[in-house]
A.B. asks: 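One structure is given below, represented as structure tokens, and several questions about it will come after.
Side chains included, hydrogens not; waters and symmetry mates left out as well; all remaining heavy atoms used.
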Amino acid sequence: MNTVLYYIMYALLGLVALLPLRVLYVFSDIVYFILFYVVRYRRNVTRKNLDETFPEKTSAERLEIERKFYRNFADYIFETIKLLHISDKQISQRMKFENTELIDSLLEQGKSIVVYFSHCGNWEWAPSITLHTSAGPDIVYTQVYRPLRNKVFDRLMLKVRSRFGSVSIPKSQTLRRLIHYKNDGKLTVNGFMSDQKQSHGDPTVVTTFLGRPTAFISGTETLARKLKFAAVYWDMQKPARGHYKLVAHLLDDGTYATPRGRLTLDYAAMLEKTIQRQPSIWLWTHKRWKYPIVLSQDEQQQID
């Protein structure tokens, strides 16, 4: 039954994806209206997050961020569907990458890479990096993901995410798969969405993020240190509707002379700047601070 549903959904979404983006944005405007004014999808969560993150802004300013966020979220939905039928030329015109020389240089040095990025802009367009950097037979591009509970949508998302030749790795299999690639003599460029709320048992590093104590998943850093992978941050920007830019910044060249936890803290600091520069493009509907962290005085001093 799941297979039948998958092919039905794939066919329907495929037909939608055949439409030009300018038409899809008309549908996006309708979905925005429904999400924001009718269904009010997670607006209480979004508003609480914005109120606590930007107390210095007026209520009107926060409402404007909220509206822009829901418009961006609706765009994200249709832009992701569009990946089922989008040409390399069109995605290259709309998804720009800067400082890809950094990626190429690290690969030329024989270093695999962990890429820190987040739920900003349209993160599903990020795998098109394969169109702009080295992609030889010994280089594998991957993204780590958390499988969806709905098997049909999980299969659809895996199809979408493989559009540009990258491989999706379930979170639970990450270390084993990357060691396998390494033993086979393959270099890997591996995307990690590291801004989620941690799952039960995830190792974390606590820092002050957007004005409050926040636990960041540190598994990416643990893996990078263990495998001696270089680390890069992708700074997402949205200069215009349907256009994005990712700028690569070096976090560590793989030597890891800094104390454990430093990589995670540096990523959190860079992500904070990304969000503060353009707050409407971050995913405010997730319950990032569902369980507030209470720090002791000594812990707060260490963060400061």
A.B. asks: Applying salt bridge (charged side-chain N to carboxylate O under 4.0 Å, His left out) to D75 and K238, what does each step give before you reach the verdict?
C.D. replies: CA-CA 12 Å; D75 284 354; K238 185 176 184 178; 3.6 Å; yes

A.B. asks: Donor-acceptor pair, distance only, cut-off 3.5 Å: does the side chain of K57 make one with the backbone of L63?
C.D. replies: no

A.B. asks: Could you walk me through whether E79 and E124 pass side chain to side chain contact (heavy atoms under 4.5 Å, CB included), step by step?
C.D. replies: CA-CA 9 Å; E79 289 169 355; E124 302 295 353; over 6 Å; no

A.B. asks: Tell me if a side-chain donor or acceptor on N72 pairs with a main-chain N or O of K68 at a distance below 3.5 Å.
C.D. replies: yes

A.B. asks: Could you tell me the separation between the CD1 atom of I169 and the OH atom of Y181, rounded to the nearest 0.5 Å?
C.D. replies: 5.5 Å

A.B. asks: With a 3.5 Å distance limit and no angle check, can you tell me whether E272 reaches the backbone of L210 through a side-chain donor-acceptor pair?
C.D. replies: yes

A.B. asks: Under the salt bridge (charged side-chain N to carboxylate O under 4.0 Å, His left out) rule, what pairs show up with a residue in residues 219-231, not counting sequence neighbours?
C.D. replies: E221-R225

A.B. asks: Between F73 and W284, is the gap from one ring center to the other below 6.0 Å?
C.D. replies: no

A.B. asks: Can you check salt bridge (charged side-chain N to carboxylate O under 4.0 Å, His left out) on R62 and E66, steps first, answer last?
C.D. replies: CA-CA 6 Å; R62 291 194 295 270; E66 188 178 346; over 6 Å; no

A.B. asks: Decide salt bridge (charged side-chain N to carboxylate O under 4.0 Å, His left out) for D29 and R71; before the verdict, give the C-alpha distance in whole Å, the side-chain angles of both, and the deciding distance to 0.1 Å.
C.D. replies: CA-CA 7 Å; D29 289 339; R71 286 190 180 277; 3.7 Å; yes

A.B. asks: Determine yes or no for a side-chain-to-main-chain donor-acceptor pair under 3.5 angstrom, with S87 supplying the side chain and Q90 the backbone.
C.D. replies: yes

A.B. asks: Measure up the H119 and W123 rings against each other and bin them: parallel (under 30°), tilted (30 to 60°), perpendicular (over 60°).
C.D. replies: perpendicular

A.B. asks: Give a yes or no on whether the backbone of M193 and the side-chain of Q196 come within a donor-acceptor separation of less than 3.5 Å.
C.D. replies: yes

A.B. asks: Using the side chain to side chain donor-acceptor pair (under 3.5 Å) rule, take N190 and T142 through it: C-alpha gap first, then chi angles, then the decisive distance, then the call.
C.D. replies: CA-CA 5 Å; N190 311 283; T142 81; 2.7 Å; yes

A.B. asks: Between D235 and K273, is the closest basic N to carboxylate O distance under 4.0 Å?
C.D. replies: no

A.B. asks: Supply the members, apart from V247, of the Ile/Leu/Val/Met/Phe/Trp/Tyr cluster built from side-chain contacts under 4.5 Å; use none for a lone residue.
C.D. replies: none

A.B. asks: Which residues satisfy the salt bridge (charged side-chain N to carboxylate O under 4.0 Å, His left out) test with E61, sequence neighbours excluded?
C.D. replies: none

A.B. asks: Sub-3.5 Å donor-acceptor pair from the side chain of S105 to the main-chain atoms of E101, do we have one?
C.D. replies: no

A.B. asks: Taking the six-membered ring where the residue is Trp, are the ring centres of F36 and Y70 under 6.0 Å apart?
C.D. replies: yes

A.B. asks: Only one of Y267, F117, Y116 forms a ring pair (Phe, Tyr, Trp, His ring centres under 6.0 Å) with Y233, so which one is it?
C.D. replies: Y267

A.B. asks: Tell me, yes or no, whether the heavy-atom count around K287 atom NZ, taken from other residues, nucleotides or ligands under 6.0 Å, exceeds 12.
C.D. replies: no

A.B. asks: Give a yes or no on whether L15 and Y6 share a hydrophobic cluster (residues Ile, Leu, Val, Met, Phe, Trp, Tyr; joining criterion: side-chain heavy atoms under 4.5 Å apart).
C.D. replies: no

A.B. asks: Under the 3.5 angstrom rule, does the side chain of S128 hit a backbone N or O of W125 as a donor-acceptor pair?
C.D. replies: yes

A.B. asks: Given 3.5 Å as the limit, does a donor-acceptor pair link the side chain of W282 with the main chain of L271, or not?
C.D. replies: no

A.B. asks: More than 12 non-hydrogen atoms from neighbouring residues, nucleotides or ligands closer than 6.0 Å to NE2 on H180, yes or no?
C.D. replies: no

A.B. asks: Could you check whether the rings of F209 and F216 sit parallel, tilted or perpendicular, using 30° and 60° as the cut-offs?
C.D. replies: perpendicular

A.B. asks: Is the count of non-hydrogen atoms from other residues, nucleotides or ligands lying under 6.0 Å from N44 atom CG greater than 12?
C.D. replies: no

A.B. asks: Would D51 and R212 count as a salt bridge (charged side-chain N to carboxylate O under 4.0 Å, His left out) if you check the C-alpha gap in whole Å, the side-chain angles of each, and the deciding distance to 0.1 Å?
C.D. replies: CA-CA 12 Å; D51 287 348; R212 74 203 85 172; over 6 Å; no

A.B. asks: Start with the C-alpha distance between I129 and M95, add both sets of side-chain angles, then the distance that settles side chain to side chain contact (heavy atoms under 4.5 Å, CB included), and finish with yes or no.
C.D. replies: CA-CA 9 Å; I129 182 68; M95 182 77 239; over 6 Å; no

A.B. asks: Test side chain to side chain donor-acceptor pair (under 3.5 Å) on Q278 and T274; report intermediate values, then the result.
C.D. replies: CA-CA 7 Å; Q278 200 172 8; T274 297; over 6 Å; no

